[in-house]
Structure formats: C-alpha cells, structure tokens
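Since the model is a prediction, treat every value here as computed from it, not as a measurement. If you read the sequence from its start, that first residue is 1, and numbering goes on from there. Both backbone and side-chain heavy atoms feed into the values below; hydrogens, waters and symmetry mates do not.
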Amino acid sequence: IYETPEKAALTENSMLDFTELRNQSPNLIAALREAVTRLDIENSAYIIEHIKEFDNTLATQLAERLHQLDFETLAQWLASA
C-alpha cells in the first residue's frame, strides 16, 4: 500500500481515541470489523453511519479512512477496540 499525501495527513491529523471506539456497541464494532476484513465498502459505510448517531467525531475519522480505502488502519483500530 502506497502512502498518499492525503493518507499521511490523515495519520498526522486524525489520532483515533480508542476509548471512544471501545464505548461503542460490541455488536456494532464486531460488524464493522467483519465488513473491514471482507473489504466491504458499502457495509462499512452503513455501519459507520450508525456510529455517527452516537459519536460524530469517531464516525468522521472512520469514514475518512474508509474514503481513503485504508482498510489496514481500520483493521488495526478495530483490533485495538
């Protein structure tokens, strides 16, 4: 995976608060983890929209990574949840 300027900027500017990720429904996180593992963009986006109802900032950070197709980082974040 090549580092793009956009991806590098996201890494520097979007430090995910794992506490917020851990505060989400375990079922929601498990579903997102599965969607990310399958590289399922549509389902990942759908689940992130549900997270937005509870934590807009977290959902925005997740959506930014999804928009960049950065499944590797998403998977790392979700593994830490």
Side-chain angles (χ1 to χ4, degrees):
I1 298 176
Y2 295 101
E3 186 81 13
T4 63
E6 295 85 6
K7 187 175 174 183
L10 285 172
T11 301
E12 294 171 6
N13 297 328
S14 298
M15 299 307 295
L16 183 69
D17 183 351
F18 291 106
T19 304
E20 295 303 319
L21 192 55
R22 289 180 187 120
N23 287 337
Q24 299 303 310
S25 161
N27 292 338
L28 201 57
I29 296 303
L32 182 56
R33 187 179 294 124
E34 181 179 336
V36 166
T37 300
R38 292 182 301 149
L39 307 178
D40 185 338
I41 296 169
E42 288 182 29
N43 199 30
S44 295
Y46 178 77
I47 296 165
I48 290 169
E49 281 299 310
H50 283 291
I51 292 172
K52 187 181 283 187
E53 297 173 18
F54 306 103
D55 189 330
N56 189 52
T57 302
L58 174 61
T60 298
Q61 290 175 321
L62 294 169
E64 286 173 352
R65 290 298 180 173
L66 183 62
H67 179 74
Q68 292 295 319
L69 302 177
D70 188 359
F71 287 98
E72 182 178 345
T73 299
L74 285 169
Q76 290 171 356
W77 286 352
L78 292 164
S80 299

To the nearest 0.5 Å, atom CH2 of W77 lies from atom CZ of R65 at 4.5 Å
CG on L74 to CG on L69, rounded to 0.5 Å = 9.5 Å
What distance do E42 atom CD and I47 atom CD1 have between them, rounded to the nearest 0.5 Å?
-> 12.0 Å
To the nearest 0.5 Å, atom CG of L66 lies from atom CD1 of I48 at 4.5 Å
Let me have the donor-acceptor pairs involving side chains of residues 27-35, under 3.5 Å, with sequence neighbours excluded, atom names and distances please.
| residue | atom | partner | partner atom | Å |
| --- | --- | --- | --- | --- |
| R33 | NE | L78 | O | 3.4 |
| R33 | NH2 | L78 | O | 2.7 |

Nearest heavy-atom approach of F54 to Q24 is CB-OE1, 3.8 Å
Set of residues satisfying ring pair (Phe, Tyr, Trp, His ring centres under 6.0 Å) with respect to H67, sequence neighbours excluded = none
Y46: what forms a side chain to side chain contact (heavy atoms under 4.5 Å, CB included) with it, not counting sequence neighbours?
-> N43, H50
If you look at every heavy atom in D40 and F71, which pair is closest and at what distance?
-> N-CE2, 4.3 Å
Inter-residue atom distance I51.CD1 - T60.OG1, 0.5 Å rounding = 11.0 Å
Does any non-hydrogen side-chain atom of E64 lie less than 4.5 Å from one of Q68?
-> no
